[in-house]
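Quick note on labels: first sequence line is chain A, next is B, and so on, each numbered from 1.
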Amino acid sequence: MRCDVCGKPASVHEIVINNGEKTEVHLCLEHAVEAGLSIPSAQPIAKLLAGQVRKKQRPVTILCPHCGLSLSDFKKSARLGCPHCYDSLGESLEAAIMGTQGGASAHHGESPTNASTMEANRLLRASLVRELEAAVSAEQYERAAGLRDRLQSLAEDDGPERATGADGQ
Amino acid sequence: MRLVTPSIWTAGEGPDSDVVMSTRVRLARNLQEVTFIGRASLIQATETAQAVQRAVARSESLKGMNWLDLTAITARDRALLVERGLVGEHFSTANHPRGMAIADHGEVSILANEEDHVRVQAVRSGSRVAQALEAARDVEQALGQHLPFAFHSRWGFLTACPTNVGTGLRVSVMVSLPAMALTGQVPRLQRAAKELHLAIRGFRGEGTGHEADLFQVSNQITLGRSASELADDFSRAIVPELVEWERAARRAYLQANRWPAIDRAAREVAMLQSCRLMARDEAMKRLGRVRLGVSLGLIQGASYVQLSSLMLRIQPEHLAIERPAASHGVEQDRLERARLLRESFASVSVSGCDAS
């Protein structure tokens, strides 16, 4: 079908019934808009949708893939989401830290005492299980497989420790 | 009730206690791989609180601490903790799973799921920064045997707010500066504090007024210097400087205003000896002025120890425990508060009144 006005390929087709008389109208996008018709064709909808998605996504800049912290979350609370954020946020965080810390750019002093491996693994396992569940429900199977591998290697590490009941205490 | 014990910060004794009421040291820690509390799910927050509680129970040196589940204790007990300065208003009234371990009447405590997963705090009366740091560090290290703390090779101990990163250390001294306030030197203090990267807050923390001329002075820098170095700044420079500043202001004020000072002290004592209704805020203000009279050597029979403890005892929840009334209400509280103050000041006198 061609546009009734200009002869370009028509993308809007309307059947108008006036006083029992049926008339078919075929218009290209430009002339449909000009005629004030609604635009039901696939292409403009996809375009509109894409526009919407872009609009919605624009403020949602995910800063940390581990916890899903977004730029607006961080701006709102001035709090980070997880320990990984310190690496995920990179240079912008570096500048912010140095700004609030009187120019200091690295830690100086104590480091942690060794925590029980068992407790560390237990917490890591719980976190990985949750990530795995999220990945499966989001149908991100590749990511899920990676997470499953990490969980399995963690379980192997734990094996002998569990068998003897030792947990570093 | 477990919380009916004297509170350490109101002991009123210790080095430089004419100016420094108490010293507090806090170390913030988080668990590796665990979402910070602001973004944690209910399950994650529950797991974290349980992990901290388990670590306390497993540790030889910590297992004597009492565990309080903040979601299980009454609102009145939570209010008591706030009045003692052991937890903030926000932590007290939050909805997420959280708890705290407490020992020696709050000399040391461990908060689970405050802004960070773990916050160890140690409080001492008077100016005792090094001792408080040592106490907090002992607890932190004992916990660290059982909990894997998030640590970054460059940034040190990781915290939910980047302003605490590195050492996670906050040293805070509660100072009584009535003469500096009276002689209009507070803006000067604030300017000096800003230059030294120190925060100045009111008696009850951020955003509160300088009730009873009490100020909390704390470090804003937590990165780039070790916890001991940051603490040394306080015990070697900041606290001695503040103490000397306030003492000089007291001497100068008394020298220039002997009779107004005596008059002021006498009126305050008379008011506290004869009041029949007393609101909390007014009581705090008057106790602050009496503290100035004591520091100027004008008031006899009232000690810093007594005044510090009264500042806690006149708070609504503490008053309710000490003086259980048949009916509770604002007026009843005021009556009981006035009665407590009258009794406490019955034998207090002001020197120099007859000298004219």
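- In terms of heavy-atom proximity, B:F157 sits nearest to A:P112 at CZ-N, 3.6 Å.
- Residue B:E60 does not touch chain A at all, counting heavy-atom pairs closer than 4.5 Å.
- The main-chain N or O of A:S105 is found under 3.5 Å from a side-chain atom of B:R154 such that the two form a donor-acceptor pair.
- Residue with the most contacts toward chain A among B:A40, B:S41, B:C161, B:G38: B:C161 (heavy-atom pairs, distance under 4.5 Å).
- Residues A:E110 and B:A227 approach most closely at OE1-N, 3.7 Å, considering heavy atoms.
- Inter-residue side-chain proximity for A:H107 and B:S153 is flagged as unmet; no heavy-atom pair is nearer than 4.5 Å.
- Both the backbone and the side chain of B:Q141 come within contact range of chain A, judged by heavy atoms closer than 4.5 Å.
- Of the two parts of A:L93, only the side chain, counted from C-beta on, holds a non-hydrogen atom closer than 4.5 Å to a non-hydrogen atom of chain B.
- Side chain of B:R39 to backbone of A:G68: a donor-acceptor contact under 3.5 angstrom is found.
- For B:A150, the part sitting under 4.5 Å from any heavy atom of chain A is the side chain, from C-beta outward, and nothing else.
- In terms of heavy-atom proximity, B:P162 sits nearest to A:A78 at CD-O, 3.7 Å.
- With contacts defined as side-chain heavy-atom distances shorter than 4.5 Å, the pair B:E229/A:H108 qualifies.
- Chain A forms more heavy-atom pairs under 4.5 Å with one residue of B:T48, B:L31, B:N30, B:V165 than with any other, namely B:V165.
- For B:E47 and A:R130, the salt-bridge test passes: some basic side-chain N is under 4.0 Å from an acidic carboxylate O.
- At a 4.5 Å heavy-atom cutoff, A:S77 makes no contact with chain B through either its backbone or its side chain.
- Contact of B:R29 with chain A is not made at all, since no heavy-atom distance falls under 4.5 Å.
- Nearest heavy atoms, B:S226 versus A:G109: CB-CA, 3.9 Å.
- Proximity to chain A is limited to the backbone of B:N164, based on heavy atoms less than 4.5 angstrom apart.
- Heavy-atom neighbours of chain B within the stretch residues 79-88 of chain A, taken at a separation under 4.5 angstrom, comprise A:R79, A:L80, A:G81, A:C82, A:P83, A:H84, A:Y86, A:D87.
- Within residues 94-103 of chain A, the residues having any heavy atom less than 4.5 Å from a heavy atom of chain B are, in residue-number order, A:E94, A:I97, A:M98, A:T100, A:Q101, A:G102.
- Rounded to the nearest 0.5 Å, atoms CZ (B:F36) and SG (A:C67) are 8.5 Å apart.
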